[in-house]
Each structure stands twice: as C-alpha cells, then as structure tokens.
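Counting convention: from 1, in listed order, for ligands and their atoms alike.
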Amino acid sequence: MAGMNLVQKLIKSHAVNVSLADAERGASLSSGKEVLIKIDQTLTQDTTGTMAYLQFEALGIDHIKTERSVSYVDHNTLQVSFENADDHNYLQDVSAKYGIIFSRPGNGICHQVHLERFGVPGKTLLGSDSHTPTAGALGMLAIGAGGLDVALAMAGFPFSFPYPKIVRVNLKGRLGPMVSAKDIVLEILRRLTVKGGVGKIFEYSGEGVKTLTIPQRATIANMGAEMGATTSVFPSDEQTKRFLEAQGRGQDFIPLSADPDAAYDEEIEIDLSVLEPLIALPHMPDKVVPVRSVAGTPVDQCFIGSCTNSSYYDLAMSAKILKGRHVAEKTSLVIAPGSRQTLLMISRAGILTDLIEAGARILESACGPCIGIGQAPRTGGISLRTSNRNFEGRSGTKDAFVYLVSAETAAASAIMGVITDPRDLGNIEPPVVPERFAVDDAMIIFPKPEGRSQSIRRGPNILPLPEFKPIPNTIEGEVLLVMGDNITTDHILPAGSKIMSLRSNLPAISEYCFSAIDPSFPKRARAASGGILVAGENYGQGSSREHAALSPRYLGVGTVIAKSYARIHRQNLVNAGIVPLIFETPQDAEKIRQGNRLAILNLFEGLQSNRIEVQNLTTGAVFMTKHGLSERQIEILRAGGALNAARCEFEKHKYAKSETSDCNSD
Ligand code: MIC
Ligand code: SF4
C-alpha cells in the first residue's frame, strides 16, 4: 500500500466522517464524496465578518468552540461615512463577548497577520475569505468559505467539502535573479486556467520547495484561489521553523511532509530555473504571458500590496530596485504594507524612507486598492498590481486595464513608466530578511473572561438577517438573467468602498445585485417576484462573499441553473436556500433566453434522484438537470438555508429527550 501524502494526513487527522481505512486508502477515496473535518481555527474579515457574526449570534451559543478564532478588520478601513466604524465596533464587541481574538483596523491584512501571529502547522483553518488558503504556506489545511460556514465552525459544527483530487506540484531547481514566487503561481495559472483547480488541492513538493521562504510560499498558496482550488498545502520544514522562530513562535513548529512513496491523483512539474517574469493581462488572472512580450506599454499606476505580495521581503526588494531612482512622471506608485509588523520593520530599517524618497505613495496596511477601496485608476488607465485578481471593474474604474505582476516587475515598471521586465534593470541582489521579526501584538485584543458580559454596539446600518422560508416543491419563474462562463462574485455583487459599506445591511446591498451586468436587475427581480438565473461554466468564481448568494435570495431568486460552479459560491447558494442545478447537456443553456418562463415540478423527488426535469413554458422545450449535492446539503436546502437547518439541529438536541421539535418537517 502506498504511503500517504500530506493532504491525506491532514484530512485524516481531522476527519469526522471518513474512516481510518478510507483515509489510508488515500488517493483512491473517491473524489467528490463529501468529507467532514473538525475545524481548529477560524478567521473572518470585516466585510464578511459582520454577516458571519450576525448568523453566529442567531445560533444562540454563548462562546466559540474552536481552539482559536480571529476577527480581522482590514477591508473597509476607509470610513468615508459612519457605517464602517459602526461595523468595527460591532465586531470588537462580538469578539469580546464570544471569546474571539480581535485584530484592530491598522494591524494588517488578515492573511498576512494570520501567517505572522496565529497560523500553526498541522491545524485546520476555515476563513470567510477566499484567500484563506494563504496559510497553507505553513502546512495548515486552510480553506475559504462563506460567513455562515465559518459561524457554524465557530459553533463546533464540522466543515464539509467534496473530497478533493490531490495534485502534486513538483518544483525543481531554483528561481533565477529577479524572478519571483508570483511568477511561479502565474505559470501554474497559465497552464491550468481559472477553473483548473476546482475540486482539487495542490500539494507542493520537490527540491525547489526547500528554496522558498514562507512569504514566497504564501504568495503561491494565496493564488491557488484564482484557480478555484479548495486549497494549497506546503510541507512544514526548516523554512517553516525559521519563520516561526523569527515570529517568536518556535514552539508552534512541527515537521510535516508526505511519505516518500505517497500517491497523488495528478502531478505537474515546474522547473523554477527556466521561469521568467510573467504578467496576467486584463481581465482574468489566467491570461498570463511573459512580461517582455508586453514591455514598453505605458503604465499609469503601479500598486504594491494586497495579501499576495506585501511582505517585508516584497517591500525591501522593491526598495532596492527603487533606491536612488524616482517614479516616472506619468506613473503613480502606491504601496500598502501587508501588516503593521511589516510597516514597523521597513520603517525601522530605513526601507520606508527609500520608498518615500523614490516617490511612493504610502497607504494604510489594509486591502485598499486591491478591492477598489481607494486609488481607482484613471479612465481607461493601465494599472500594474501585485494583487491576485484583475476582474473588470474591481479596481473601481470600470474601463481600467489591470495587470497582475510581481513586486519586482511593479517596482521596475514604476521607475520606467512602461511595463518593464525587471531583469532589464540588472541583477539586484535580494534583501537579507532579519532573523527576528518585530513582534508587537499591541493592536490585537485578546478576549478576557469578563468579556462575556460585553454589550454589543450595533449601528443603524447593521440589520439582522431576514428569515428565509423552506423551498417549495414546485418552482415556476422567469429567467431573470442568462450569463456566460466565469461569472465572478464581483459581477454578482460588486466590491468597492460604497457597496461594501452596506455588507451588514442585506436589503440595502441587494439594490446593487448584478449591477455590473444589468443595473435594472433588482427592479426586474422584484417586479417578477423573483425568478431563475442561467449561467455557464465556473459560476461564482472569486470571492467568498455570501452576499452574492444572499442578495439574489433576498430578491426572490430560488434557483440557478449553470454548466458548473465555483466551490465556495455553490455552497453559499445552498446555505442561502437557492437550488444550484447543473445542465445535464451543457448545450441546453444556449436555448434559454432572458424572459423565458421555466417550471420545475416535483423538486423534492428530483433532489433525491439527482435528476430534475425543467420545462421551458415559453418554448415548450424540456431539459434535464442534476445537482450532485450530498444528503446533508439537500437537507439544508429543504430547510430554506443553513441557518434554519442549524437552528433545527440545535432544537433537536435540546428536545431530544423530552419533546419533539417542529423542525422534523417531513
Ligand atoms: C476579495 O478579494 O474579493 C475579498 C474582498 O477579499 C473577498 C471577500 C469579500 O468579498 O468580502 C474574498 O476573497 O473572499
Ligand atoms: Fe484583501 Fe485583496 Fe486579499 Fe481580498 S484579495 S483579502 S481584498 S488584499
């Protein structure tokens, strides 16, 4: 029998429904079958956190059940009006009350800070942000999910996901000068595309891994999200030990690796020594070409920051490239350090001075421009960013052209004013990273026992979630939108400071549902009393924001029929009580038009048999759909969403011995 790979070991040590024998059979355990795991740690950020905690409160539990849960404030830090500050207060109070660690605004981006201060090799982490897999750099099984799934994990429920295909990414050799970890992950995106990771976990191994530091591994694990991967995992080795020791957390280190004879479902190999600087063209992270093939294109803005590339190393390397030079006259260079720790360190080392002298504009340690909160490019402008997503409009300027690059390429291009292969500036020696990092947790509030009696401040923009009814057996409705492939959550519910400040107010934010595609959508949905959405492949890729499911549900959408789904969004639809159906014959999607009326009879029977007939009442056509959902997911749907289902589960426990709960609706 083959040994186990690292992913199998992590799943096995946390699985609550997979027998030991199953887990040991490892790769042969049928992919797609649901696996339930115990969650050790959770993280939330403010824009998904408010909804997660509103749902946690609705569960009626008095304290978190996880080993460690952290609430970060890093997205909505602009505070152009009262909403964000109110949300921050709410999150701080909820944290104190329920035993959650609170990372204050200004302390940094959740994924960067979690690596620095809280991630532990061998543990599971569930986060209400799609880039939670960043912590896979430390040998964690770190997965992104909707806020409700995270709330349920905090309440002690296991987390379920389809048993993944495990892909070995074998890294050979070592990176050449001015080529970076970002170029490795861009190369993988180029090969596999934005849907190439759906249903998969990437496990990194090979000699090349040993040459990569934790921040470099984090860049790679971070952008596994752009391929739709469940997560990415690195071994825990000497590099991990060094990083944790530098953070004063050497005691958290344990070595972790695959058995030498481990088996995998798939394998890809990358020779680091032949890689060159790469760039993702607008408007998808997988439109990757060599930087030199677009060199010379004028650049309006360069942004170095985000959870992908804003570590000490990234900023120190950028400063080395910029030192003694100045940003080009027609180019703006914007830098947001990933964490307060990074900012403190570059400040103490004089690196910040070098950046300022070179003309960089320094922003707060937060997501900022990555999510269209500030620094929107000019009309039709070109922006080179070290972040991970370049979806149309995400920068805040609808017709801007965003390219994704490494910090080295961004810094070199800022000086030259045109897209520049950083190797053209000569071989600049990489910076030496200090052995000890600046450990200062003064902006982190740890819960205290007396916090349990904390009262919670709720601003006027913080509204409880409306009650959703169980789904009906017959669904009839108008097709409200027919969409193509790779629709992102930024299409469904855009980001940006204005709309994101409404994340705690479902009725208000729902007015922006599909505004990137058709601003009249909310009005039409209300007029039609809800309806059905039709989409192509990989529907709902990108962010974990459950608002992209809750808003359509709030507007009465009961069903989506797509060719395929992104994992997190599909679960968010189920959690919101929207039935996510899949075309049996993908070509049937092409025969449906906006405004057609569709009918589904006997939905409950169809859910059980995994074959659901849909009639097009307008054209007379009939087509078949499936769903591939587990029993548990079907139960959630029938309850009208995961919150209803979880409440029922609690009720059942409560009433198990004496009475019966009315949740047993069958
Ligand atoms: C993103 O990068 O799109 C976000 C903003 O971090 C989202 C979360 C959100 O929408 O609040 C994510 O990646 O999950
Ligand atoms: Fe923040 Fe951007 Fe990372 Fe999302 S991708 S967590 S918005 S920095």
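- The set of protein atoms (N, O or S) found at less than 2.8 Å from atom 2 (Fe) of ligand 2 reads C370 SG, by chain and number.
- At least one heavy atom of R394 sits less than 4.0 Å from an atom of ligand 2.
- Sorted by chain then number, the residues whose non-hydrogen atoms approach ligand 1 to under 4.0 Å are Q45, T47, T48, H75, D129, S130, H131, I371, R389, R394, M500, R503, S543, S544, R545.
- Between Q45 and ligand 2 there is no heavy-atom distance shorter than 4.0 Å.
- The side-chain tip of R567 does not point at the ring of F161 from less than 6.0 angstrom away and within 45° of straight on.
- Between H114 and Y72, the ring planes are perpendicular. Angles over 60° get that label, and only those under 30° would be called parallel.
- In this structure a side-chain-to-backbone donor-acceptor pair under 3.5 Å is present from R553 to G577.
- Surrounding OH of Y512 are at most 12 heavy atoms belonging to other residues, nucleotides or ligands under 6.0 Å away.
- Within the 3.5 Å criterion, the main-chain N or O of P369 finds a donor-acceptor partner in the side chain of R385.
- The closest donor-acceptor contact from the side chain of Q41 to the backbone of F118 lies under 3.5 Å.
- If you number the atoms of ligand 2 from 1 as listed, the ones under 4.0 Å from a heavy atom of H111 come out as 6 (S).
- Checked by atom type and distance alone, the side chain of D74 never pairs as donor or acceptor with a backbone atom of C367 at under 3.5 Å.
- For R361, the CZ atom sits in a loose shell: 12 or fewer heavy atoms of surrounding residues, nucleotides or ligands are nearer than 6.0 Å.
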